[in-house]
Amino acid sequence: MHSAGTPVVKELVLLGGGHAHVAVLRRFGMHPVPGLRLTLITRDVHTPYSGMLPGYIAGHYGYDECHIDLGPLSRFAGARLYHAEVEGLDTAEQRVLVHGRPPVAYDLLSINTGSRPRTIDVPGALEHAMPIKPVDLWLRRWEALQARVLASRGELRILVVGGGAGGVELALATQYRLHRLLAGRGGDPARLHYALLTDEPKILTTHNPGVCRRFERVLAARGIELYTGQRVMEVRPEAVVVEGGELQAADAVLWVTEASAPDWPRTAGLAVDARGFICVDTNLQSVSHPSIFVAGDAAAMPEPRPKSGVLAVRQGPVLADNLRRAAAGRTLLRYRPQRNFLGLISTGDRYAIASRGGWSLQGRWLWRLKDRIDRRFMERYNRLPAMATEPGPDIAAGIADGAAIKELSTLAMRCGGCGAKVGSTVLSRVIQRLPAQRRADVLIGLDAPDDAAVLEVPPGRVLAQSVDYFRAFLDDAYAFGRIAANHALGDLYAMGAEAQSVLAIATVPYGRERVVEQTLYELIAGALAAVEPTGAVLAGGHSSEGAELAFGLTVNGLLDADRVLRKGGLKPGDALILTKPLGTGTLFAADMRRRAKGRWIDAAIASMLVSNQAAAGCLRRYGATACTDVTGFGLLGHLVEMTRAAGVDAELQIEAVPLLDGAMETVAAGILSSLQPQNLRLRRAVRDLVQATRHPRYPLLFDPQTAGGLLAGVPADSAEACLAELRTLGYLTAAIVGRIAARSDRPEPITLIQ
Ligand SMILES: Cc1cc2nc3c(=O)[nH]c(=O)nc-3n(C[C@H](O)[C@H](O)[C@H](O)COP(=O)(O)OP(=O)(O)OC[C@H]3O[C@@H](n4cnc5c(N)ncnc54)[C@H](O)[C@@H]3O)c2cc1C
């Protein structure tokens with residue numbers, strides 16, 4: 001996280017977690033720039049390292065060995081990580097337009113979003129071919145292709161389109177993998193046929209003729225037919241049509257053609273080359289927009305270079321330096337691309353061909369060399385250096401200009417009076433940016449603000465209220481606002497109430513006025529994204545500046561007085577249903593230590609964003625006798641509350657409890673939430689404790705949850721039908737986790753069934 005206590009003066013936004021940006025993140029982590037806040041916006045949280053991708057496809061590497069996990073790396077860099085797709089730029093307002101969330105403001109922008117194979121001008125390519133990028137989508141289709149190959153009986157022809165290094169490597173790697181897969185299952189690899197097709201007169205035209213000849217020999221020896229000078233005009237479900245109308249039969253088409261650029265840089269008004277790549281000068285700075293830097297495939301260099309991961313990697317350190325210099329108004333450095341560099345291109349079977357300038361070489365030892373170099377590169381990102389010492393509250397030289405210094409000169413006073421309100425102009429600007437908040441039974445709310453909100457409770461109904469407030473565990477204010485609101489609303493759903501209105505309370509880190517405004521806006525816009533679909537409105541709130549981001553809500557709900565769903569209604573024989581998986585406490589504790597994988601945190605956030613509203617309705621329809629939302633006390637703490645209130649015992653099937661991915665691993669590594677010791681005090685409610693504690697899932701029963709699921713008692717005869725409906729409503733991991741028994745004379749109400 002951006003260091004608490006240091007005001008945010010400038011925003012550096014990184015678009016894409018490509019090969020250059022990983023170096024930028026690492027370098028800023030090692031040498032932070034106080035006052036400069038980093039935000040990484042990326043489509044993928046695990047970024048593939050291109051050098052090892054063919055080896056992954058061939059089966060030589062596991063997923064984590066060849067993907068850089070941007071979760072821990074961003075945390076190391078003190079960068080906010082926004083897992084989202086960029087859709088455009090508003091260069092006049094200096095804002096990035098991001099799918100599904102508010103725009104992100106920048107002072108300095110760096111773009112490293114890579115490229116994709118061109119599909120747009122070939123009819124059918126997008127529908128029927130498998131473009132290699134985005135890699136995550138390709139990998140999913142690749143899994144499906146492997147399953148299809150295994151399930152098939154007859155001949156299959158696989159066509160790879162693209163004769164560059166990527167296409168050649170992919171053809172060889174996929175052939176190696178599929179042949180081994182079939183042979184390993186007793187199948188006949190001879191029924192698989194391979195062809196490589198390019199519109200160029202030769203393959204590997206950016207390499208010397210020796211490399212080309214060597215690969216032609218390898219392709220021939222491996223039985224891969226080669227077609228040169230054939231341009232694909234159309235892709236059909238079972239063939240491609242080449243120029244001249246000839247058909248090339250294909251049961252699968254792997255698409256690795258020339259790199260193409262997205263449209264948004266051009267439509268945003270950036271200077272681009274004929275193919276749409278962003279024109280930069282030798283400092284990697286956009287030639288049209290000096291506050292924008294570009295590296296990797298996305299950049300069009302003054303002297304054209306082939307698109308390659310190696311180039312992006314080499315640009316990383318210069319880019320990092322120049323971003324630092326640009327932020328401080330210092331002279332930029334020149335990036336001098338190497339004329340020749342060693343290319344090691346693999347043949348899929350742990351063998352490689354080397355290419356540099358005019359010479360080439362081949363051998364098994366070159367694969368071993370490549371493997372060593374690639375692993376060493378990955379190690380730099382998978383084993384990050386110890387955290388840099390917390391920067392002081394002072395701001396790096398050059399970051400703050402005269403206006404910023406003047407604006408921040410009141411900071412000492414603001415620090416003294418922590419909790420100072422966010423200025424009223426900031427607040428009213430934020431409110432103006434939000435959609436109007438109106439509801440008939442909110443008599444006085446934000447649409448006509450006053451000292452307090454005035455709410456109407458219709459006759460025969462009662463008001464349910466709850467409040468939650470916590471420190472940010474995410475740097476992404478929008479996602480944090482959504483989760484906090486979802487968490488707070490969970491209390492209303494657990495009682496069977498309909499959400500009516502919410503009041504928000506926010507603490508936003510000190511900073512320049514526009515930075516404070518944007519953070520407050522993101523926080524409240526996030527909360528509204530969770531509140532609005534429920535039909536409730538934001539009726540008021542309070543905001544202050546402080547050292548750390550924190551947010552909470554008071555939630556108001558309406559319900560019929562005789563239909564309140566209490567904790568204490570459980571009946572012997574009821575089945576216990578839990579609607580969401582456990583594990584957010586340990587996972588976020590691990591995330592803070594940079595020990596959680598990005599995809600685990602991603603899945604945990606997705607789970608926290610799932611509303612309990614539909615689940616509550618479903619549980620009620622199936623006659624739920626009692627319900628609570630699983631939050632800070634953990635599953636066991638909340639279950640004990642329910643059994644005590646109802647005067648019953650409960651049996652919990654420990655193996656049936658759904659868990660978030662990674663939670664078992666982080667618990668096994670001894671990483672637990674700081675609240676866990678307090679929750680563990682409730683272990684005295686568990687029978688046969690010594691045996692229970694031996695189970696590896698045991699600690700997770702005490703794991704505090706943020707925006708956790710509902711735990712409810714449902715009559716046994718309707719429990720399976722209720723579960724089936726919960727799953728169709730999207731609660732895919734909902735489970736029956738135990739049953740209620742009559743109160744026994746044992747002092748402990750809970751039995752863990754292993
Ligand atoms: C099979 C194959 C093998 C290859 N092997 C090699 C090799 O051995 N050596 C080599 O040098 N090159 C190789 N290449 C080329 C190499 O993959 C690319 O040149 C390289 O990946 C470009 O790196 P980059 O940093 O520009 O972008 P990328 O590595 O593609 O990273 C782009 C990042 O931006 C993110 N992103 C993209 N769009 C958006 C968006 N709209 N919003 C938010 N985030 C976004 C992505 O999620 C990703 O994190 C190979 C290519 C292929 C297809």
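These numbers come from a predicted model, not from an experiment.
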Item checked: Lys/Arg N to Asp/Glu carboxylate O, Arg118 vs Asp121, below 4.0 Å ->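 Salt bridge present between Arg118 and Asp121.
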
Note to self: Between Glu234 and Arg236, does any NZ, NE, NH1 or NH2 come within less than 4.0 Å of an OD or OE carboxylate oxygen?
What the structure shows: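 Judged by the 4.0 Å cut-off on N to carboxylate O distance, Arg236 and Glu234 do form a salt bridge.
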
For [X] and [Y], indicate whether the former's side chain and the latter's backbone hold a donor-acceptor pair under 3.5 Å.
X	Y	answer
Arg364	Arg350	yes
Asp69	His46	no
Asn112	Ala20	yes
Lys307	Asp297	yes
Asp44	Thr47	no
Ser308	Leu311	yes
Arg266	Val272	no
Lys202	Gly229	no
Gln315	Gly296	yes
Arg594	Leu384	no

Can you find a side-chain donor-acceptor pair between [X] and [Y] that sits under 3.5 Å?
X	Y	result
Ser50	His19	yes
Tyr63	Glu65	no
Arg116	Ser260	no

Please report the interatomic distance [atom1]([X]) to [atom2]([Y]), rounded to the nearest 0.5 Å.
X	Y	atom1	atom2	value
Ile601	Thr584	CD1	OG1	9.5 Å
Leu38	His21	CG	NE2	9.5 Å
Leu361	Leu369	CG	CG	10.5 Å
Gln362	Ser355	CD	OG	12.5 Å
Arg75	Leu474	CZ	CG	8.0 Å
Arg177	Leu145	CZ	CG	11.0 Å

Does [atom1] belonging to [X] count more than 12 external heavy atoms closer than 6.0 Å?
X	atom1	value
Arg595	CZ	no
Arg231	CZ	no
His695	NE2	yes
Glu655	CD	yes
Glu155	CD	yes

Checklist line | Residue that, paired with Tyr194, satisfies side chain to side chain contact (heavy atoms under 4.5 Å, CB included) out of Leu219, Thr174, Leu226 | finding: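 Testing Tyr194 for a side chain to side chain contact (heavy atoms under 4.5 Å, CB included) against Leu219, Thr174, Leu226 leaves exactly one candidate, Thr174.
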
Next item on the list: Just do the side-chain contact (heavy atoms from CB on, under 4.5 Å) check on Asp374 and Met52 with the steps written out, would you?
Entry: CA-CA 7 Å; Asp374 288 344; Met52 290 170 95; 3.5 Å; yes

Checklist line | Worked check of salt bridge (Lys or Arg N to Asp or Glu O under 4.0 Å) between Asp64 and Arg599 | finding: CA-CA 11 Å; Asp64 286 328; Arg599 58 180 179 274; 2.8 Å; yes

Notebook entry, point to check: Listed by chain and number, what are the side-chain hydrogen bond (donor to acceptor under 3.5 Å, both in side chains) partners of Arg191, not counting sequence neighbours?
Noted result: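 Ser152.
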
Margin query: So, using side-chain hydrogen bond (donor to acceptor under 3.5 Å, both in side chains) as the criterion, who are the partners of Thr666 when residues are at least two apart?
Written below: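 Partners of Thr666 by the side-chain hydrogen bond (donor to acceptor under 3.5 Å, both in side chains) criterion, ordered by chain and then number, come out as Thr586.
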
Check: What pair of heavy atoms forms the shortest contact from Pro117 to Pro131, and how long is it?
Finding: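 Distance-wise, the nearest heavy atoms are CG-CB, 4.2 Å.
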
Next item on the list: Give the intermediate values and the outcome of side chain to side chain donor-acceptor pair (under 3.5 Å) for residues Tyr335 and Asn283.
Entry: CA-CA 6 Å; Tyr335 167 68; Asn283 304 323; over 6 Å; no

Next item on the list: Please say whether the positively charged group of Arg324, taken as NZ for Lys or CZ for Arg, lies over the ring of Phe28, i.e. under 6.0 angstrom from the six-membered ring centre and within 45 degrees of the axis.
Entry: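 Checked: cation-pi criterion met.
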
Next item on the list: Test the Lys597-Trp600 pair against the cation-pi criterion, namely NZ or CZ under 6.0 angstrom from the six-membered ring centroid and within 45° of the ring axis.
Entry: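 Yes, Lys597 sits over the ring of Trp600.
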
Notebook entry, point to check: Which is it for Asp349 and Thr347 under the side chain to side chain donor-acceptor pair (under 3.5 Å) test, yes or no, and what are the steps along the way?
Noted result: CA-CA 6 Å; Asp349 50 357; Thr347 58; 2.5 Å; yes

Next item on the list: Scan Arg43, Glu85, Glu87 and name whichever one has a side chain to side chain donor-acceptor pair (under 3.5 Å) with His99.
Entry: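 Of the listed options, the one satisfying the test is Glu87.
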
Note to self: Can you tell me how the ring of His67 sits relative to the ring of Tyr56, calling it parallel under 30°, perpendicular over 60° and tilted otherwise?
What the structure shows: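 The arrangement is perpendicular - the two ring planes meet at more than 60°.
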
Next item on the list: Applying side-chain contact (heavy atoms from CB on, under 4.5 Å), run through Leu73 and Tyr381 and close with a yes or a no.
Entry: CA-CA 7 Å; Leu73 184 59; Tyr381 295 99; 4.0 Å; yes

Notebook entry, point to check: Does the side chain of Val86 come within less than 4.5 Å of Ile111's, by heavy atoms?
Noted result: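 SC-SC contact between Ile111 and Val86 ruled out.
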
Notebook entry, point to check: Do Trp255 and His128 have ring centroids that are under 6.0 Å from one another?
Noted result: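 No; Trp255 has its ring centre 6.0 Å or more from that of His128.
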
